[in-house]
Amino acid sequence: MSDPAAPKVHPPDVMKKLTALCKSRGFVFPSSEIYGGLKSAYDYGPLGSELKRNIMNEWWRDMVTRRENIVGIDAAIIMHPEVWRASGHAAGFADPLVDCKISKERFRADKAPRVRPGDELPITAPDAARAKDWQELIAKDYGVQLVRDGCVLRGLRCVSPQEFGYFAPGAAAPSRTWPFRGYVSPSCGSPFLTEEKQFNLMFRTTLGPVDQLGDLARVIAELTASGDLAAAVRARFGKACDSGPLAAALASGERARILHAVMEHVSQTSLVYLRPETAQAMFVQFKNVLECTGLKPPFGIAQMGKSFRNEVTVEHFIFRSCEFEQMEMEFFCEPGTQGEWLAYWKAERMRWWTRYANYPASFRFRQHGKDEMAFYADDCYDIEYFYPWGWGELEGIASRTDYDLTQHERHSGVALQYVDQEKADPRTGEKPWKYKPFVIEPAAGATRAVLCFLLDAYHEEERRTAAGDTELRTVLKLHPRLAPIKAAVLPLVKKDGMPERARAILERLLDAGINAKYDEKASIGKRYAKHDEAGTPWCITVDGQTLQDGTVTLRDRDTTAQRRLSVDDALAAVRSALGA
RNA sequence: GCGGGCGUAGCUCAAUGGUAGAGCGCCGGCUUCCCAAGCCGGUGACGUGGGUUCGAUUCCCAUCGCCCGCUCCA
């Protein structure tokens, strides 16, 4: 074993090997594989679904069951669309993005530098070599030979707000022109850009059985039948055109933008989103939970479940996928106490993660800088895991002030506050004290937890085969409470009544609610190896001696050592190690 | 989304412009008293779609998926 004070050193190519093991043993399959797979979606198999459930159960037990002042909810994935306007997701999750075709960089169109007709448009490369590459790229793709001056390429100029052109040295008129949108790439100054792409990270769908596309098609057909689109839009939508997105689109005069705004407007009535996080339901149900439970701050509302985001990049197996699972808790406390509660939850959450890990030093805190925190947060820490590709997020613990309750109060018009009959308002000195609680949010990724505990558990060890060769033993050293199968019950050989004795032991485990498997196939060594890969902590083996004196062997996954015990003692050992 | 690489059985690989073989795995049988033993039998693949061709797994195009890097990540 490596230094317990240092992060785990992952075996070479561990992601590749782990992905293969996940598939062959039934932890995680690529989604819809027989149809060629679906990007970034994964299905949890017989072992994976047990592992994920065990992890989530451990979280729920630690966060909800054992705490008097924390309760759970299980909200609908589809919520009222106004929720996402209040939370800021509707606006914040959608930006117009553009790619520079020269430097291949992506940027936000609304933050790009603007230029005016007559302005020169020099393209600046980071070094002379790249300037030369870009010069050739532009010659090839656009048919003009720009003049290179060190890192700078010259010859382009803005002609009008809709057009830029190439001016040969000394020429007064452009020899070629291209359409223009008035801005250039912020990093290199290039005007060669892709179309603006509207990114919307929330999954959209429609609520209701009516075919929305049919409605949209009809409206668009009617509006575009007349020559004057703007007039047709104004005539049809009246007051809606006076302000908001329709007004802005009409003001721009761009047909595509107007039609886009019209489609948004028409689809508004049935448009809903799949939640991009589970957190908002806890704020939205704050009042109901408060009334039915009678809880007083400090208290928490917890929820586990699926969330959906159209991630720009999906990567690293199940680390970042569009459909993922979260374990979140919103902890409501008195304003002014958020600092101490943040410290408390940091410690609690780190204790939880490291409790199940072989390498506690693979977990660490990282405080967010002011620039990366949401504007309303007053402090934020990530719990990070040392993945094979480096440190990465596992859980965020944010101090969110009273922002969310304030936003939902504003948008819903419903007071979301706590009335403390015993305390006086610190500002006025009057009773009762009505306040919006401040929130500490430990938000963990359940899907990421699966990956992190698999990585923590994955080991390759040298072992000697019966033939005397050296081989690698692959073993998942999962914490017994997380392991999908707790014990395998194996007859040493498939005869002399051993299968019957083994099955009787299996029955006792299953009756006790312990997930166990019976296996009589192949040689005993093969069966041990298979269960090592599945992360099964114990193998109970029935052999010749069992028939004589009723004892069995109990094999430990991590050491492969065996103890001979009575059946009762073996079962008791399993039960007590599970803490059940 | 961009750039690069990849795609033959569950896995690792092989062969071929004339419809594909092996090892391991998996399933069944025999055997086996402790760490992937042995024997017999079986299962099983050219990612998808188009084009060229008498004929494509092989050549071309597109598409999908995976990996690496960049970018993005309220």
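In what follows, chains carry the letters A, B, and so on, assigned in the order in which the sequence lines appear, proteins first and then strands, with residues in each chain numbered from 1. Since the model is a prediction, treat every value here as computed from it, not as a measurement.
Distance from the side chain of A:Tyr528 is smallest for B:C35 among the nucleotides B:C33, B:C35, B:A37. Ranking B:U32, B:G10, B:C68 by closeness to the A:Lys23 side chain, first place goes to B:G10.
Base pairing analysis places B:C27 opposite B:G41; the two distances defining the Watson-Crick or G-U wobble pair are each below 3.5 Å.
A:Met15 comes within 4.0 angstrom of nothing in the nucleic acid, heavy atoms only. Heavy atoms of A:Lys494 sit under 4.0 angstrom from at least one base atom. Contacts of A:Asp496 with the nucleic acid, taken as non-hydrogen atoms under 4.0 Å apart, include base atoms. Heavy atoms of A:Glu33 sit nowhere under 4.0 angstrom from any nucleic acid atom. Across all strands, A:Thr553 comes closer than 4.0 Å to base atoms (heavy-atom distances). Among the atoms of the strands shown, base atoms are found under 4.0 Å from some heavy atom of A:Glu533.
For A:Ser24 against B:C11, a side-chain-to-base donor-acceptor contact under 3.5 Å is absent. Checked by distance alone, A:Arg320 brings a side-chain donor or acceptor within 3.5 Å of a matching partner on the base of B:C73. For A:Arg555 against B:C35, a side-chain-to-base donor-acceptor contact under 3.5 Å is present. For A:Tyr35 against B:C64, no side-chain N or O and base N or O form a donor-acceptor pair under 3.5 Å. With hydrogens and angles left out, the side chain of A:Gln545 and the base of B:C33 share no donor-acceptor pair within 3.5 Å.
Under the 4.0 Å criterion applied to side-chain N and carboxylate O atoms, A:Glu50 and A:Lys486 are not assigned as salt-bridge partners.
An OP1 or OP2 oxygen of B:C27 is reached within less than 4.0 angstrom by a side-chain nitrogen or oxygen of A:Lys521. In terms of phosphate contacts, A:Lys39 brings no side-chain nitrogen or oxygen within less than 4.0 Å of OP1 or OP2 of B:C66.
To the nearest whole angstrom, the two P atoms, one in B:U53 and one in B:A15, are 29 Å apart. B:C24 and B:C60 have their P atoms separated by 35 Å, with the value rounded to a whole Å.
Among A:Phe283, A:Tyr376, A:Phe438, the single residue meeting the ring pair (Phe, Tyr, Trp, His ring centres under 6.0 Å) criterion with A:Tyr403 is A:Tyr376.
Heavy-atom nearest nucleotides on RNA chain B were determined for A:Ala20 and for A:Glu277, and the one closer to the 5' end corresponds to A:Ala20. Both A:Gly544 and A:Gly525 lie close to RNA chain B; mapped to their nearest nucleotides by heavy-atom distance, the more 5′-ward contact belongs to A:Gly544.
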